[in-house]
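Worksheet for the structure shown next.
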Amino acid sequence: MAFQLPRRGLAQILALIVILLIDRMVSSQFFDLRLQDGRLFGSLIDVFNRGAPVALLALGMVLVIATRGIDLSVGAVMAISGAIAASLADSHAWPVAVAVALGAGLLCGLWNGFLVAVLGIQPIVATLILMVAGRGVAQLITEGRIVTFTSPDLAWFGTGSALGIPAPVLIVAGTLLVTGLVVRGSALGLLIEAAGGNARASELSGVGIRLMIVAVYVWCSLCAALAGVIAAADIMGADANNAGLWLELDAILAVVIGGTSLFGGRFSLILAVCGALIIQAMNTGILLSGYPPEFNLVVKAAVVLVVLLLQSPRLSGLVANFRKARA
Amino acid sequence: QLTVGFSQIGSESGWRAAETTVSKGEAAKRSVNLKIADAQQKQENQIKAIRSFVAQGVDAIFLAPVVSTGWDAVLKEAKEAKIPVILLDRDIDPSGKDLYLTAVTSDSVHEGEVAGDWLAKTVGDKQCSIVELQGTVGASVAANRKKGFDTAIAKHANLKIVRSQTGDFTRAKGKEVMESFIKAEGGGKTICAVYAHNDDMMVGAIQAMKEAGLKPGKDILTVSIDAVPDIFKAMVAGEANATVELTPNMAGPALDALTAYKDKGTTPLKWIQTESKLYTAADDPQKAYDSKKGLGY
Amino acid sequence: MQQAVEGRQPLLEVRGLSKSFGILRALDQVDFTLHAGEIHALLGENGAGKSTLIKVITGVLSRDAGTIRLDGGEIEPRSVKEALAEGIATVYQEVNLLPNLSVAQNLYLGRQPTRFGIVRDGEMQRRATALLAGYDLHIDVGAQLGHYSVAIQHVVAIARAVDLSARVLILDEPTASLDRHEVDMLFRTMRALAARGIGILFVTHFLDQVYDISDRITVLRNGRLIGERMTASLPRLELIQMMLGRELSETTGERVAHDRSASTPCATFTNYGKRGSIAPFDLDLRHGEVVGLAGLLGSGRTETARLVFGADRADSGKAAVEGKPVRLHSPRDAVRHGFGYCPEERKTDGIIAELTVRENIVLALQAKRGITRPLSRREQDEIAARFVKLLDIRPPDPERPIGLLSGGNQQKVLLARWLATEPRLLVLDEPTRGIDVGAHAEIIRLIRELCDRGLALLVISSELDEIVAYSDRVVVLRDRAHVGTLQDDGIDVSSILAAIAADGSVPAAAEA
Amino acid sequence: MSRLSPVMITALVFVAGFAICSLQFPNFASTRVVANLLTDNAFLGIVAIGMTFVIISGGIDLSVGSVIGFTTVFVALSIERLGLPPLLAFAILLVLCAAFGAAMGAVIHFFDMPPFIVTLAGMFVARGTSFLMSTESTPITAPLYTAVSDFGIALPGGGRLTAIALIMLAVVAAGSVLLHFTRFGANVFAMGGNRSATALMGVAIGSMTVRIYMLSSVLAGIAGIVFSFYTAAGYSLSAVGVELDTIAAVVIGGTLLSGGQGSAIGTFLGVLIQGLIQSYINFDGTLSSWWTKIATGILLFAFIALQQAMVRLAGRSRTIRAGEVKA
Ligand SMILES: Nc1ncnc2c1ncn2[C@@H]1O[C@H](COP(=O)(O)OP(=O)(O)OP(=O)(O)O)[C@@H](O)[C@H]1O
Ligand SMILES: Nc1ncnc2c1ncn2[C@@H]1O[C@H](COP(=O)(O)OP(=O)(O)OP(=O)(O)O)[C@@H](O)[C@H]1O
Ligand SMILES: [Mg+2]
Ligand SMILES: [Mg+2]
């Protein structure tokens, strides 16, 4: 039930397919796959692999947005957890490094949740605080350097694979599964959608909103921390200055492309991940295209607008009217 | 005891962190009191910082400008307050004005040329398709390093840049871009060399090549700029070929020029160029690594 | 006046109007005629298509087929603005004003008096005060509209619409949240407007009011026109039959309550109060007993309800459930103790518009059970189907977003939400507001049935007849304090009115 | 009246902050610092006024930072490369900005798309276009620029009220009048209060949306011109991330992100508070890059928490009525 595709997901799936086809036009080997060191290798795999951090962020972000919130701090949380994991990787066993990194994410989430749910600060500003200060904390941990490590165990999170599938992809799939089970397997999903749709009415129906809001911010930060571990593992080092920089915007974009309204309410986990893949398919296409990088942003803007316009109910209304008028 | 205000750009890379650390060390060596104001990559903040240094009446101002333009007004204020200004690691536009005492910088066009010349010499007459990892779009260093490299290889018809994308000066993006280059160039078999505008992107690119089953440093030549410790580590492992040094020690020469000016009144040259030294596997990379790793990269 | 109306060219003439939402035919070939100077009641069950007809006429919705003529000329308004320009002004069912603006700004939005482009605030407030004085409303027009009760907001909306010097005035259930006094005032205004030659289209579920004021009646059922009659020649029973398509034994008027004061107390509140909101009161609610709260608008009935439910936190007094002291700091506490509360403002406090009817129904039950014990989809479907049938929610599609339901049907869903939790105490704030005669009787029957099953009920209603009909006890409020209790045979409309106006000045409506 | 009280609170917070800074740094309480506060934050103040309109109307505009960047490049190139007189360049630029804002507003309205995403695309477009125009920084040497930067009204105590500070004050004044004393302003509040109700009351919300985003983009254009005065240059990477500073300033100024409430003066105070935080850090002058970020975050939190506490205190004395529309 958790992974039932809603009918409204059609636009997103189509957009993803179209963009992948365009990528194929740009690069003839786009769909080629081969096995390299026991790991699948090819541009298509890159899309999934490189899209993993944003997909993870989107998985957390979609819940926050469903409650009518927003979390700008995810990029900074990635930097913090990456810095911690990398600093501990060579001196401690990998479970310790990862656990501490995720623990830091948990604290960050508690902080955000506290500001939003208890102090009642508007989410965008509340999380802006950690967005600014969090990167400082990450840099404090690394002292502005790129802290590298050699532990192959931790590196597995970024570059390893199982059954030929890259580890980040597996991690995203696992997180999607867990989130789906937790959210749709319990009543959480319904209550989040209710609270996001009308907080006052939900509260008067006996829904405990505060704790739920804290929980979604914690979950969001945990996902971000996991993404941070992957990002650090990928380059076998923590780059506190750049890790996750501006990724919060990509994550929000992925959620919105995935059809979740910024005004809260209905959400879809799987479509949020799909949104992240759309963004990454576009980025990979841009890289493969060979255009000068000055064009990147303009192309990105155009694609995003087109994808969203396609989803706009108003557009389908106009098209229907046009058809009617012609008929 | 001299008090010097240093308007530093921020902390966007390991090299920048090293520059800050080395500057502190050099100042301590000469028992100069160095006040560092961090601008978080924003010119507005640098202008504010310079104003506040003027207000505090420091003996000199070091400025590592985030962009080359837009300094006239605020430097005029410093000049009126008779505070000498020394530019670090980047010149300003229009240059050569009497708004500053001297500029201790490397020539980033020249760095690109050194890299290009090395590649031309190493490849010889073979046909060679190069892929380029550019720095941040719009950053002048990126433009200059591209320009220098382009000039150097223009003289050799067998060298050609086939792909060029921005890797934002970061490892992660360097790796991602290199991955796509490899796919776009037939699994990387047609790539003969990689040129990266900084070492961090190259370190990422080397990982991408290894994961694709290629042998960086052998199948594909690498040349990059900055000479950060990690590239020497790669060199030791035979995975990188060459790097051009951009020294993080800009403050040392600047402080020397400043003390000479203050004590003896000697006006330094308008431009103190730091050396753009080329390092290859032949230059004992292990030693270079050991000497650099403590510098805060 | 009715004779004068006949034979003239109609002011507004609608022919063959159709409108579908997907497969749902909300309007099917509807004809409608409005003459100048007439007050025309548009009647029908919840979901019959009344609001939809109005929205199509005023350009909020586009129509699928049909023509609209104003003074013989065909009009095609595509927005409210265009309809306004044609002279059709509307007050919609849900108050559509701006709570964050001042009353004066709301009255004059888009046409504020200006000098050199600057709004003349003093002048605007002066005009607004004068305008509302004409409706017997004396309030600070500089204050935010949101600070006033729904009733006041409704009067403001009407004043605004009328002031737009309309030729056609459309009122969609304007009286649902008004008390008698205000209804009276509104009717005076309507008659005055009709005398000026304005045609008024009026939707209501109060049949008394229909006979009070309207000249003519049009009845819709399931989106179809059933008939148009002169009010004077249409007996009440026949009207109901037209609306429902069946007969209804009107029993709501007679009092069948019996004394249940011997039954055990369900919840007791002693010296319970909140400063600035309501003076401390003692209240005990017994199993199987209906306690009615009566009072004028703003007398503190809603405040009492919110305090009982923990939506506001009391700052004095104690609460006990089944004799045990409890803490009621949030609705969540209250729900855990088996309380339920249907708020009066359905749109902002009740429905979750984009969720389905099913999800809205199970919400409170789910919240009560907790996150870790989700209702399975099958249980949800079963509960939803049961209540859709029990309360005759239309259309009977539990998967429809509740925001798309008609106002009355939304109210039924909210009732279902609480019934599903099987509460021991249910607080209903204006439960029959906006509900049609059929459903009205149904809800009152339900209230009686619920207390027979041992439920304690606390009901707020502005319809005193209704309160009289089902209450075992009536608490009367005045000026944010409980001022008296009526019991047993002491309960009838006139004694309630007397208690409300104990200071001697019987409200104007009382004489009527 | 109730509209004023958040402003009073923000003002009190600013005064308290200023007093604390003055106690800590003897030179702080001077006209020089105050004048610098105005000059250094002039461009931020101007965009923030535009953003205030957008946010009160229930929208958001993420494109403003990029529009500033675009403006500086456009102005520099037209003056220096094409040799246009500066005033003509400004006029063309403002027309372009107006068209850009109108386009965003039109897409938001006609396709019913979330402003967050449309303006995010706008942000990519504006930044991307400035990359396409020039990636180098171009100095501006026109005499007008020297004249403007030399202009200043001397204040007692060494401060100098510069031309750009005066421009900002003028924009704040004009913005206040437009927002609080005109029909346009009332409509902006109305839209933020309830979009569909506003439409039902006969306000043409389509054209309002277009005009609001137009206003925001034009003010961002003016801010860009001011920025080019400030730095005498055009650079495609200037003002990156300014949109977040702007939003923070607006929200600190007491405007609700959900729309319908706020004030121009509050925004002005919000900008000053942001400037105050910067000045504090500059006066301290010993912070490393990361401690600067952490300190900014902590100060931001302190200000917001202080404000929140004051709002609570102020709210306690007011009676809360049933059915009141909560903030
Ligand atoms: N926007 C919409 N989309 C889909 N269905 C709608 C929409 N608006 C109304 N409906 C449906 O059309 C029917 C008629 O609704 P309408 O609001 O006109 O009823 P009404 O007669 O005003 O009822 P009430 O007395 O309860 O207000 C209802 O079944 C309702 O669910
Ligand atoms: N005629 C009036 N003039 C001025 N203010 C009024 C008037 N009627 C009500 N109010 C104010 O509107 C506010 C909201 O009233 P509200 O409707 O919530 O009260 P209530 O006790 O719940 O009555 P009801 O349940 O009948 O609506 C009250 O605080 C009251 O002060
Ligand atoms: Mg209706
Ligand atoms: Mg009430």
Side-chain angles (χ1 to χ4, degrees), chain A residues 68 70 72-73 76 111 115 119-126 128-144 199-200 240-241 246 249 252-253 256-257 261-263 292-309 311-315 317-318, chain D residues 58 60 62 66 107 109-118 120-135 236 240-241 244-245 247-248 250-252 255-258 287-301 304-305 307-309 311-312 325-327:
Chain A
R68 252 183 210 228
I70 201 155
L72 294 182
S73 71
W111 167 255
L115 293 191
L119 294 192
I121 300 175
Q122 301 189 49
I124 203 170
V125 198
L128 183 68
I129 293 171
L130 189 58
M131 177 185 183
V132 176
R135 192 159 295 279
V137 172
Q139 287 175 335
L140 181 67
I141 296 169
T142 65
E143 295 187 307
R200 281 177 66 170
N241 310 310
W246 301 120
L249 289 184
I252 296 167
L253 199 58
V256 173
I257 288 180
S261 159
L262 284 169
F263 296 110
E294 287 85 353
F295 285 93
N296 292 5
L297 279 180
V298 180
V299 174
K300 194 167 166 177
V303 175
V304 166
L305 270 182
V306 170
V307 170
L308 286 167
L309 277 181
Q311 290 178 32
S312 157
R314 192 65 86 83
L315 188 74
L318 287 183
Chain D
I60 200 157
L62 295 183
S66 303
V107 172
H109 177 74
F110 289 110
F111 296 104
D112 206 10
M113 297 208 333
F116 191 98
I117 296 305
V118 175
L120 185 64
M123 164 178 162
F124 293 155
V125 170
R127 187 71 68 190
T129 318
S130 33
F131 285 154
L132 291 180
M133 287 193 295
S134 166
T135 52
S236 56
V240 170
L244 288 178
D245 295 343
I247 294 168
V250 172
V251 173
I252 292 175
T255 295
L256 282 186
L257 262 177
S258 42
L287 298 178
S288 63
S289 185
W290 32 97
W291 279 113
T292 303
K293 291 193 179 83
I294 297 173
T296 312
I298 292 174
L299 289 173
L300 199 57
F301 170 67
I304 294 172
Q307 194 180 28
Q308 209 73 12
V311 170
R312 294 260 164 104
V325 175
K326 279 206 196 113

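Lettering of chains follows the sequences in order, A, B, ..., and the numbering in each one begins at 1.
- Counting heavy-atom pairs under 4.5 Å between each of V107(D), T292(D), L244(D) and chain A puts L244(D) at the top.
- Comparing D112(D), L120(D), V118(D), L299(D) by heavy-atom pairs within less than 4.5 Å of chain A, the highest count is held by L120(D).
- Chosen from N241(A), L130(A), L119(A), the residue pairing most often with chain D at heavy-atom distances under 4.5 Å is L119(A).
- Contact count against chain A (heavy-atom pairs under 4.5 Å) is highest for I117(D) among T296(D), L300(D), V251(D), I117(D).
- To the nearest 0.5 Å, the span separating CG on L262(A) from CE on M113(D) amounts to 11.5 Å.
- Taking the ring-ring contact (aromatic ring centres under 6.0 Å, His included) definition, one finds that W111(A) meets it with F301(D), sequence neighbours left out.
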Only pairs under 3.5 Å count here: list side-chain donor-acceptor contacts from residues 292-309 of chain A, not counting sequence neighbours, and write none if there are none.
unit_1: N296(A); atom_1: OD1; unit_2: Q165(B); atom_2: NE2; d: 3.3
unit_1: N296(A); atom_1: ND2; unit_2: Q165(B); atom_2: OE1; d: 3.4
unit_1: K300(A); atom_1: NZ; unit_2: D250(A); atom_2: OD1; d: 3.4

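- Looking at L72(A) and I252(A), their side chains come closer than 4.5 Å, going by heavy atoms from C-beta outward.
- A donor-acceptor distance shorter than 3.5 angstrom exists from the side chain of S66(D) to the backbone of M123(D), with no hydrogens or angles considered.
- When heavy atoms are compared at a cutoff of 4.5 Å, I70(A) approaches chain D solely by way of its side chain, counted from C-beta outward.
- Residues A240(A) and T142(A) come closest through the heavy atom pair CB-OG1, 3.5 Å.
- Taking all atoms of both residues into account, the shortest heavy-atom contact from G241(D) to W246(A) is CA-CH2, 3.9 Å.
- For chain D, the option among E143(A), R68(A), R135(A) with the highest count of heavy-atom pairs below 4.5 Å is E143(A).
- Proximity to chain A (any heavy atom under 4.5 Å) is shown, for V250(D), by neither the backbone nor the side chain.
- Ranked by heavy-atom pairs under 4.5 Å with chain D, the list I121(A), V132(A), L115(A), L140(A) is led by L140(A).
- Neither the backbone nor the side chain of I257(A) comes within contact range of chain D; no heavy atom of the residue lies under 4.5 Å from a heavy atom of that chain.
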